[in-house]
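A short worksheet on the structure shown next.
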Amino acid sequence: MEKIIIVGAGFSGATIARLFADSGKDVIVMDKRDTIGGNAYDCYNKNDILIQPYGPHIFHTNEKKVFEFLSRFTEWTKYEHKVLAAVRKDKFVPVPFNLTSLFMLYPNDKAERIKKILIDEIGLDKKVPILQLKKHENAEVRKFGDFVYKNIFYIYTMKQWGFKPEQLGAEVMNRVPVYVSYEDRYFTDEFQYMPKEGFTELIRNMLCHPRIKLKLGTDANKEISLGEDKIYYKDKELDGMLIYTGCVDELFDYKFGVLPYRSLKFKFETIKKPSYQPSAVVNYTTSHKYTRITEFTKFTCEEKENTVIVKEYSKPFKRGKNIPYYPIPIAKNIAHYQEYNEHAKKYKNLYLLGRLANYKYINMDIAVKNAMELFDKINEIEE
């Protein structure tokens with residue numbers, strides 16, 4: 001009997017598991033953790049506050065198909081994410097850096113001149129990469145670009161990634177452009193919500209199907225082994241397929257060495273007052289060792305007697321010591337990953353899926369979209 005084995009119970013694994021189950025296939029979903037949801041896992045603390053132990057996750061998408069699929073498994077609470085940067089002492093400005101930020105940090109006459117140039121050349125409500133502003137022909141705009149680069153991008157990026165902004169791929173830099181706009185939302189997607197009961201409950205509902213067998217606290221590498229070009233499950237050749245969403249270097253027992261990632265360290269604090277900071281997330285772009293502070297009650301728009309914050313520190317990934325969160329998208333790392341990706345092609349019934357397996361920085365909506373597309377691709381092959 002064919003087996004479909006999915007390693008990882010995060011968004012990627014849960015999505016494709018549900019799609020297979022809905023199509024009448026039996027699926028085994030394994031996860032090394034005792035919890036579901038991957039790094040989007042959330043839970044209530046002793047004060048009945050919904051927290052995210054692996055850092056803040058916010059759902060947003062322009063993909064209607066993704067939103068409609070996930071809406072089968074949750075009700076939503078409208079939430080539009082706004083982020084502030086603590087650029088100077090007691091001075092919080094919107095990020096991505098926009099026209100409001102410009103006027104908060106520059107004298108009015110200078111801000112008006114820069115605004116006019118940006119609108120004339122780029123257009124109102126448009127986005128521009130910061131590196132483009134640093135190379136602008138107008139000296140005042142270049143100086144403005146240098147200021148934003150230093151105070152919003154450079155120090156923060158060095159803390160977060162351990163690399164200068166220009167060393168990272170465009171996919172990272174273009175995530176936080178400068179807005180020639182008064183738009184102060186961090187995301188401008190059509191659909192911006194938080195799952196009403198949390199991400200864990202959403203994933204639980206997705207995995208709740210009679211054809212899905214969930215095996216938590218299971219190290220897949222102890223049940224799955226790889227031969228020269230064959231996959232073995234419990235020492236028998238796998239008659240079916242393996243969909244793997246974990247670290248691809250771990251799957252292949254580090255055959256080509258350990259892939260570099262960034263990890264995170266979190267320091268949680270309960271604050272004995274209803275509110276701690278002016279927005280759910282404040283980035284510390286010029287000061288402190290932590291990159292940002294998240295206040296969880298602001299995600300659910302609840303006011304309670306206490307609130308919970310978490311200070312987030314970016315760290316190098318050390319195998320066996322901490323959790324890999326972000327692939328580092330520089331050229332040599334991508335080339336390193338491609339060694340694993342090419343090797344994976346030897347296995348006709350192996351599919352790599354998700355941020356870690358594809359070594360690509362993606363949001364959860366794209367993780368769901370990629371899972372849906374992989375499901376369609378597998379069905380086409382089988383037909």
Check: Passes side chain to side chain contact (heavy atoms under 4.5 Å, CB included), W76 versus K196? Steps please.
Finding: CA-CA 5 Å; W76 299 100; K196 192 171 184 179; over 6 Å; no
Euclidean distance, [Y] [atom2] relative to [X] [atom1], rounded to 0.5 Å:
X    : Y    : atom1 : atom2 : value
I130 : K150 : CD1   : NZ    : 13.5 Å
Y313 : S263 : OH    : OG    : 14.5 Å
K315 : N322 : NZ    : CG    : 9.5 Å
L356 : S12  : CG    : OG    : 9.0 Å
M30  : Y244 : CE    : OH    : 11.0 Å

Counting C-beta onward and ignoring hydrogens, is there a side-chain heavy-atom pair between [X] and [Y] closer than 4.5 Å?
X    : Y    : value
V93  : L105 : yes
T157 : L168 : yes
F153 : M158 : no
I224 : L242 : yes
I6   : I28  : no
E305 : K273 : no
T15  : M206 : yes
V281 : H81  : yes

[X]: which residues meet the side chain to side chain donor-acceptor pair (under 3.5 Å) condition with it, sequence neighbours left out?
X   : value
K32 : E250
T77 : none
N62 : none

Might you point out which heavy atoms bring [X] and [Y] nearest each other, and give the distance in Å?
X    : Y    : value
Y149 : P165 : OH-CD, 3.4 Å
D34  : G217 : OD1-CA, 3.3 Å
L259 : N333 : CD2-O, 4.3 Å
D184 : P94  : CB-CB, 4.4 Å
P53  : C43  : CG-SG, 4.0 Å
I51  : V308 : CG2-CG1, 4.0 Å

Margin query: Go through it in stages, so that I can follow the logic: the residues are F375 and F20, the test is ring-ring contact (aromatic ring centres under 6.0 Å, His included), and I'd like the CA-CA distance, side-chain angles, deciding distance and then a yes or no.
Written below: CA-CA 8 Å; F375 173 76; F20 274 120; 5.1 Å; yes
Suppose we screen for side chain to side chain contact (heavy atoms under 4.5 Å, CB included). Which residues come up paired with [X], at least two apart in sequence or across chains?
X    : answer
N341 : Y337, Q338, K345, L352
T200 : I36, Y41, D42, R204
H209 : R18, A21, D22, R211, I212

Could you label the plane-to-plane angle of the [X] and [Y] rings as parallel, tilted or perpendicular, counting under 30° as parallel and over 60° as perpendicular?
X    : Y    : value
Y284 : Y290 : perpendicular
Y347 : H343 : perpendicular
F59  : F67  : parallel

Next item on the list: Starting from Y44, walk the hydrophobic network (Ile, Leu, Val, Met, Phe, Trp, Tyr; side-chain heavy atoms closer than 4.5 Å) and list everyone else you reach, by chain and number.
Entry: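 Members other than Y44 - counting any ILVMFWY side chain reachable under 4.5 Å - are L50.
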Next item on the list: Check which hydrophobic residues are tied to Y156 through side-chain heavy-atom contacts below 4.5 Å, counting indirect links as well, and list them.
Entry: none
Next item on the list: Cation-pi check, R355 to F11: give yes when NZ or CZ is under 6.0 Å from the six-membered ring centre and within 45° of the ring axis, no otherwise.
Entry: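 No, cation not above the ring by the 6.0 Å, 45° rule.
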Item checked: Y54 six-ring centre to R33 NZ/CZ under 6.0 Å and within 45° of normal -> yes
Item checked: H60 and F191 aromatic centres sub-6.0 Å ->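 So the answer is no for these two rings.
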Checklist line | F299-Y79 aromatic ring centre distance below 6.0 Å | finding: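 Yes, they do, as the ring centres are separated by less than 6.0 Å.
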Item checked: Test side chain to side chain contact (heavy atoms under 4.5 Å, CB included) applied to F268 and N45, step by step -> CA-CA 11 Å; F268 285 81; N45 73 353; over 6 Å; no
Next item on the list: Inspect the contact between K215 and E223 and indicate whether a charged nitrogen and a carboxylate oxygen are less than 4.0 angstrom apart.
Entry: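 Salt bridge between E223 and K215, a charged N being under 4.0 Å from a carboxylate O: yes.
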Item checked: Side-chain ion pair, K346 and D229, N-O less than 4.0 Å -> no
Item checked: Sequence neighbours excluded - salt bridge (charged side-chain N to carboxylate O under 4.0 Å, His left out) pairs with any residue from residues 280-297 ->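 Checked against salt bridge (charged side-chain N to carboxylate O under 4.0 Å, His left out) - neighbours excluded - the pairs reaching residues 280-297 are R292-E312, E295-K298.
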[X] atom [atom1]: more than 12 heavy-atom contacts under 6.0 Å:
X    : atom1 : answer
D235 : CG    : no
E269 : CD    : yes
K78  : NZ    : yes

Checklist line | Chi angles and distances behind the side chain to side chain contact (heavy atoms under 4.5 Å, CB included) call for M194, I58 | finding: CA-CA 6 Å; M194 294 292 273; I58 300 101; 4.2 Å; yes
Checklist line | Summary of ring pair (Phe, Tyr, Trp, His ring centres under 6.0 Å) pairs that have at least one residue in residues 121-146, sequence neighbours excluded | finding: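 Passing the test, one end in residues 121-146: F97-F144, Y106-F144.
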Notebook entry, point to check: Which ring pair (Phe, Tyr, Trp, His ring centres under 6.0 Å) pairs, counting each pair once, include a residue from residues 314-334, with sequence neighbours left out?
Noted result: W161-Y326, Y261-F317, Y326-Y361
Margin query: With no hydrogens and no angle check, just 3.5 Å: does a side-chain donor-acceptor pair link T297 and T307?
Written below: yes
Note to self: Regarding S181 and D125, do their side chains bring together a donor and an acceptor under 3.5 Å, going by distance alone?
What the structure shows: yes
Item checked: For N349, the option from D239, I378, I5, L238 that meets side chain to side chain contact (heavy atoms under 4.5 Å, CB included) -> L238
Item checked: ring-ring contact (aromatic ring centres under 6.0 Å, His included) between H336 and F256, intermediate numbers included -> CA-CA 8 Å; H336 188 179; F256 304 111; 7.8 Å; no
Notebook entry, point to check: With K369, which residues qualify under salt bridge (Lys or Arg N to Asp or Glu O under 4.0 Å), at least two apart?
Noted result: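 For K369 the salt bridge (Lys or Arg N to Asp or Glu O under 4.0 Å) partners, ignoring immediate neighbours, are E63.
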Next item on the list: Would you please test K304 and D48 for salt bridge (Lys or Arg N to Asp or Glu O under 4.0 Å) and show each step?
Entry: CA-CA 9 Å; K304 302 200 173 193; D48 200 33; 3.6 Å; yes
Note to self: Check whether D219 reaches the backbone of N221 with its side chain - one donor and one acceptor, N or O, closer than 3.5 Å.
What the structure shows: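 Answer holds: yes.
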